[in-house]
Amino acid sequence: MALWFTEQHTDDVRFSIHIKEQLYSGKSYYQQIEVFDSYEFGRVLVLDGYIMLTEKDEYIYHEMMVHVPMACNPDIRRVLVIGAGDGGTVRELCRYDSITQIDMVEIDEQVVKVCKEYLPQTACRLEDPRVHIYYEDGLKFVRRVEDTYDLIIVDSTDPFGPGEGLFTKEFYGNCFTALREHGILTNQHESTYYDSYTSMVSRTHRRMRSVFPVAMVYQAHIPPYPSGHWLFGFASKNIHPVYDFKPEIWEQLGLETKYYNTQLHTGCFALPNTVREVLEHA
């Protein structure tokens with residue numbers, strides 16, 4: 001009998017993956033955690049029934065979360081990562097020798113343990129000496145911080161359940177306070193393709209824009225995510241991701257990436273009219 005994992009994207013759309021076997025299933029205090037091995041996508045991490053990543057394409061999400069802001073400010077030294085229990089964001093950050101400190105705040109310790117065991121491809125740099133892991137609520141953590149970080153990456157789940165508080169105006173205001181003079185914030189921003197997601201994108205963008213002088217959205221193609229067309233938020237105190245971007249500085253680092261490049265950097269901020277309309281009316 002064929003085994004399939006199916007995620008409900010909307011009331012009318014489902015996405016299914018042919019599964020070889022289930023490698024792990026367990027329930028933490030916060031959520032149901034599952035890891036599958038699939039034929040097409042490799043290993044798949046699922047939280048509360050939603051795909052968080054697959055081995056085949058996780059590099060797209062993590063490279064776009066990290067390299068876009070890092071290429072905008074070569075002086076980033078101290079980074080706060082909220083969420084990111086799978087370790088992929090930390091892995092990409094650790095490729096920069098210039099970074100001296102990475103504080104990762106993950107509410108669910110069980111996610112980290114599971115990913116270390118079953119997803120070593122993403123969790124391979126969590127033991128880097130620059131990485132400090134705090135198992136607590138990111139919303140509460142950032143309230144205690146002021147003028148500390150050059151970059152905050154909010155690598156959270158969707159804006160409901162454990163990740164709901166990471167999409168509020170209060171949270172973005174606290175992040176603004178926690179950032180230094182040229183600070184940048186990036187986050188996952190959902191998608192506008194399905195009507196049921198549009199209000200989340202609009203609300204998130206409106207809240208970020210009310211706090212940060214620069215608030216923009218960029219895009220990537222991530223096949224397992226709803227519709228495959230995924231958005232990210234870029235917010236900063238005074239750095240524009242296109243006008244202030246100096247591609248030659250990043251290219252001199254010689255980092256090898258699978259998805260991100262400096263031409264893509266500029267292009268990913270050129271959004272379809274359907275997305276622009278949602279953001280303009282946010």
Original post:
So is K20 actually on top of F36's ring, under 6.0 Å and inside 45° of the axis?
Top reply: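 Verdict for F36: no cation-pi partner in K20.
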Counting only N and O atoms by type, is there a donor-acceptor contact under 3.5 Å from the side chain of [X] to the main-chain atoms of [Y]?
| X | Y | result |
| --- | --- | --- |
| T122 | D86 | yes |
| E21 | L23 | no |
| Y259 | H221 | yes |
| R91 | C124 | no |
| H265 | P241 | yes |
| S202 | M200 | no |
| R95 | E256 | yes |
| T204 | V201 | no |

**OP:** Identify whether the distance between the nearest side-chain nitrogen and carboxylate oxygen of K258 and E63 falls below 4.0 Å.
**Re:**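 Judged by the 4.0 Å cut-off on N to carboxylate O distance, K258 and E63 do not form a salt bridge.
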Original post:
Is any NZ, NE, NH1 or NH2 atom of the basic residue among D150 and R77 found under 4.0 Å from an Asp or Glu carboxylate oxygen of the other?
Top reply: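 Looking at D150 and R77, the cut-off is not met.
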**OP:** With side chain to side chain contact (heavy atoms under 4.5 Å, CB included) as the test, would you mind laying out the steps for D103 and T148 before giving the verdict?
**Re:** CA-CA 11 Å; D103 291 341; T148 300; 5.9 Å; no
Check whether [X] and [Y] end up in the same hydrophobic cluster, where Ile, Leu, Val, Met, Phe, Trp and Tyr are linked by side-chain heavy atoms less than 4.5 Å apart.
| X | Y | answer |
| --- | --- | --- |
| M52 | F5 | no |
| I51 | F232 | no |
| Y118 | Y39 | no |
| I33 | V44 | no |
| F41 | V46 | yes |

Subject >> Rounded distance [0.5 Å steps], CD in E106 versus CD1 in I82 >> reply: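 Rounded to the nearest 0.5 Å, the CD-CD1 separation comes out at 11.0 Å.
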When you check the side-chain N and O atoms of [X] and [Y], is any donor under 3.5 Å from an acceptor?
| X | Y | result |
| --- | --- | --- |
| S191 | S227 | yes |
| Q8 | R14 | yes |
| H18 | E40 | no |
| S25 | Q32 | yes |
| N238 | H182 | yes |
| D155 | Y61 | yes |

Contacts table for residues 245-255: side-chain donor-acceptor under 3.5 angstrom, sequence neighbours left out:
residue : atom : partner : partner atom : Å
W250    : NE1  : Y96     : OH           : 2.8
E251    : OE2  : T262    : OG1          : 2.5

Subject >> side chain to side chain contact (heavy atoms under 4.5 Å, CB included) between N187 and Y172, worked out >> reply: CA-CA 11 Å; N187 70 344; Y172 296 130; 3.2 Å; yes
Original post:
Does the pair H132 and Q101 meet the rule for a side-chain hydrogen bond (donor to acceptor under 3.5 Å, both in side chains), with working shown?
Top reply: CA-CA 8 Å; H132 310 275; Q101 179 178 337; 5.2 Å; no
**OP:** Kindly determine whether Y225 and F15 satisfy ring-ring contact (aromatic ring centres under 6.0 Å, His included), including the steps that lead there.
**Re:** CA-CA 9 Å; Y225 288 3; F15 178 79; 9.7 Å; no
[atom1] of [X]: more than 12 outside heavy atoms within 6.0 angstrom?
| X | atom1 | value |
| --- | --- | --- |
| R143 | CZ | yes |
| K140 | NZ | no |
| D147 | CG | yes |

**OP:** Mind running side chain to side chain contact (heavy atoms under 4.5 Å, CB included) on V154 and Q188 for me, showing each step along the way?
**Re:** CA-CA 7 Å; V154 187; Q188 69 96 351; over 6 Å; no
Original post:
Which of parallel (below 30°), tilted (30 to 60°) and perpendicular (above 60°) describes W230 and Y197?
Top reply: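 Answer is perpendicular, since the angle exceeds 60°.
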**OP:** Could you label the plane-to-plane angle of the Y243 and H240 rings as parallel, tilted or perpendicular, counting under 30° as parallel and over 60° as perpendicular?
**Re:**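 Rings of Y243 and H240: parallel, as their planes differ by under 30°.
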**OP:** Please identify each residue that fulfils side-chain hydrogen bond (donor to acceptor under 3.5 Å, both in side chains) with R125, with sequence neighbours left out.
**Re:**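 Here the qualifying residues are D128.
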Subject >> Candidate pair R43 and Q121, rule side chain to side chain contact (heavy atoms under 4.5 Å, CB included), full reasoning >> reply: CA-CA 10 Å; R43 294 188 175 187; Q121 173 179 304; over 6 Å; no
Original post:
For R206, what residues pass the salt bridge (charged side-chain N to carboxylate O under 4.0 Å, His left out) criterion, not counting sequence neighbours?
Top reply: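 Scan of R206 (salt bridge (charged side-chain N to carboxylate O under 4.0 Å, His left out), adjacent residues dropped) gives none.
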Original post:
Does the side chain of F176 reach to within under 4.5 Å of the side chain of P213, using non-hydrogen atoms?
Top reply: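 F176 vs P213: side chains touch.
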